[in-house]
There are 2 protein chains.
Amino acid sequence: MARDKDFIPEEKIAKALDVFWEKGYNATSMQDLVEAMQINRSSLYNSFGDKHNLFLECLRTYGYLAAKDYESVLTLKELSPLETMEKIIDVYVAGIVYDCKCCMGMKSSFELAGDDDEVRRVIKTASDRTIGIFTDLLRRAKEQGELSDDKDPVVLAHIIFNGFCGWKQSYLQFKDAHLVKKMAGYTKLHLKSPF
Amino acid sequence: MARDKDFIPEEKIAKALDVFWEKGYNATSMQDLVEAMQINRSSLYNSFGDKHNLFLECLRTYGYLAAKDYESVLTLKELSPLETMEKIIDVYVAGIVYDCKCCMGMKSSFELAGDDDEVRRVIKTASDRTIGIFTDLLRRAKEQGELSDDKDPVVLAHIIFNGFCGWKQSYLQFKDAHLVKKMAGYTKLHLKSPF
DNA sequence: AATATTTTGAAACGATCGTTTCAGAATGTA
DNA sequence: TACATTCTGAAACGATCGTTTCAAAATATT
């Protein structure tokens with residue numbers, strides 16, 4: 001009945017995600033988005049609603065991509081559950097130095113989650129998914145005797161998740177890759193310690 | 001030669017700090033500040049410069065107040081160094097539930113430190129001071145044999161500092177005080193473990 | 001009391017904010 | 001080919017942004 005869009009929505013969302021990720025919500029203007037997405041203002045509002053709605057969409061995409069990243073490590077079948085968890089930590093730590101963008105979930109959480117329920121809900125969904133992956137891994141590690149009995153997989157999963165954002169933040173502030181590796185090393189050590 | 005100000009600058013800075021702390025830099029308008037500080041626009045610009053300069057002043061005040069808070073625990077002379085460190089952790093964790101504001105240094109760091117060197121420098125000064133307090137404490141704990149030889153006071157201090165912000169963030173997101181206490185408990189356990 | 005200097009209050013600045021409007025170009029369907 | 005519908009592009013919307021201006025009120029000093 002009518003013409004199709006001149007663009008692929010998912011690609012435009014990815015462009016917008018990059019801008020929001022780097023600059024944050026409030027510091028990103030619609031003008032920034034129009035330029036980055038290479039799309040007309042009208043088309044933007046027509047296809048994605050207003051700025052807030054577009055941001056939520058980006059945040060959902062971010063959560064989906066982040067979880068997919070972690071899950072890709074799970075397919076390395078030759079690794080035990082604990083080894084997989086350690087591998088995820090190692091991969092993340094290695095990435096900290098090369099990618100100058102911090103965890104968007106944490107960044108958005110600090111900026112908006114205080115008084116924006118929709119944002120908080122989307123972030124929580126993404127966090128739950130990632131922490132769920134870690135928890136499953138640690139539970140299986142516990143079943144196989146890689147993790148001592150007194151350890152709580154849920155709490156440890158949260159600690160690792162928290163660590164990820166803290167390490168990134170530390171690196172942004174102190175630019176000390178060695179320090180980050182040492183902090184991660186302590187966390188890995190604690191996973192293996194008998195108590 | 002001329003009249004005095006009708007206000008005490010430090011009090012107005014404290015008011016501005018509250019607003020910046022809660023809303024962040026970009027989401028705070030000069031109008032918000034004029035209303036919160038109960039001061040005229042002209043007086044504001046006359047006494048504190050522009051928005052960015054006022055923010056830096058607030059950030060410095062925050063860093064000073066935060067460090068003073070931690071140092072006040074140090075005066076409890078009946079505690080050993082490690083006990084003092086644990087006490088600081090306990091006090092912080094207890095405060096998480098009652099104060100809905102997160103660590104302003106971390107919040108500002110996520111929002112601005114990426115491309116604002118002045119902000120990053122002020123935050124780093126504040127962080128260094130706090131981490132320095134923790135490091136001193138842990139060094140003395142090591143000297144007194146409360147901390148095992150293989151532990152690095154500097155790295156542990158960073159881990160605790162990171163933990164503070166992570167725990168607060170976790171509470172904001174999951175509203176689970178029990179979880180926060182457990183995470184802090186693990187950190188305290190690691191301080192005392194023999195390796 | 002006179003003076004020099006600063007603060008104060010109110011108004012307004014241009015710029016940019018997020019958003020809407022609308023006419024015309026484009027295109028899937030009949 | 002003609003129609004119905006949607007997308008596109010450019011302009012403009014009112015609101016708010018951070019900041020400046022300036023005359024009048026205030027007051028520490030001489």
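Lettering of chains follows the sequences in order, A, B, ..., and the numbering in each one begins at 1. Everything quoted here is computed from the prediction, not taken from an experiment.
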Check your understanding: So with a 6.0 Å cut-off around NZ of A:Lys68, is the heavy-atom count from everything else above 12?
Key ->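 Not buried by this count: 12 neighbours or fewer within 6.0 Å.
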
Exercise for review: Step through the shown structure and confirm whether more than 12 heavy atoms of other residues, nucleotides or ligands are within 6.0 Å of NZ on B:Lys142.
Suggested key: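 Yes, the 6.0 Å shell around NZ holds more than 12 heavy atoms from other groups.
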
Practice item. Just jot down the side chain to side chain contact (heavy atoms under 4.5 Å, CB included) partners of A:Thr130, sequence neighbours excluded, or say none. Key: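 Partners of A:Thr130 under the side chain to side chain contact (heavy atoms under 4.5 Å, CB included) test: A:Tyr70, A:Phe134, A:Phe161.
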
Review point. Can you list every ring-ring contact (aromatic ring centres under 6.0 Å, His included) pair that touches residues 169-189 of chain A, not counting sequence neighbours?
Key: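 Passing the test, one end in residues 169-189 of chain A: A:Phe174-B:His158.
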
Practice item. Apply the side-chain contact (heavy atoms from CB on, under 4.5 Å) test between A:Cys58 and each candidate in A:Leu56, A:Leu54, A:Thr61; give the one that qualifies. Key: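 The residue from A:Leu56, A:Leu54, A:Thr61 that satisfies side-chain contact (heavy atoms from CB on, under 4.5 Å) with A:Cys58 turns out to be A:Leu54.
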
Donor-acceptor pairs are to be reported for all side-chain atoms of residues 22-29 of chain B against protein atoms at under 3.5 Å, with residues two or more places apart or in another chain.
unit_1, atom_1, unit_2, atom_2, d
B:Lys23, NZ, B:Asp32, OD2, 3.2
B:Asn26, ND2, B:Glu111, OE2, 2.9
B:Thr28, OG1, B:Gly24, O, 2.6
B:Ser29, OG, B:Gln31, N, 3.4
B:Ser29, OG, B:Asp32, N, 3.1
B:Ser29, OG, B:Asp32, OD2, 3.2

Exercise for review: Please step through side chain to side chain donor-acceptor pair (under 3.5 Å) for the pair B:Gln173 and A:Ser127, ending with a clear verdict.
Suggested key: CA-CA 9 Å; B:Gln173 196 163 128; A:Ser127 300; 2.5 Å; yes

**Study point:** Rounded interatomic separation in angstrom, taking CG from A:Asn26 and P from C:dT16
**Key:**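 In whole Å, C:dT16 P and A:Asn26 CG are 18 Å from each other.
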
Practice item. Let me know the distance between CZ of B:Phe7 and C1' of D:dA26, rounded to the nearest Å. Key: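 In whole Å, D:dA26 C1' lies 14 Å from B:Phe7 CZ.
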
Exercise for review: May I ask you to list the residues of residues 29-40 of chain A, by number, that have any heavy atom positioned under 4.0 Å from an atom of DNA chain C?
Suggested key: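 Hits under 4.0 Å, by residue number: A:Ser29, A:Met30.
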
Exercise for review: With a 4.0 Å heavy-atom cut-off, tell me which residues in residues 44-58 of chain A come close to DNA chain C, sorted by residue number.
Suggested key: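 Contacting residues: A:Tyr45, A:Asp50, A:Lys51.
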
Review point. What is the minimum heavy-atom distance between A:Leu44 and A:Met37, and which atoms define it?
Key: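 Heavy-atom minimum between the residues: CD1-SD, 4.0 Å.
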
Review point. Does B:Val93 share a hydrophobic cluster with B:Leu82, counting links as ILVMFWY side-chain heavy atoms below 4.5 Å and allowing steps through other members?
Key: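 As far as the 4.5 Å side-chain criterion goes, B:Leu82 and B:Val93 are connected within one cluster.
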
Exercise for review: Over 60° means perpendicular and under 30° means parallel, so classify the ring planes of B:Phe110 and A:Phe110, tilted if in between.
Suggested key: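 Because their plane-to-plane angle is under 30°, the rings of A:Phe110 and B:Phe110 count as parallel.
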
Distances under 3.5 Å between nitrogen or oxygen atoms of protein and nucleotides 21-25 of chain D:
unit_1, atom_1, unit_2, atom_2, d
D:dT21, O4, B:Ser42, OG, 3.1

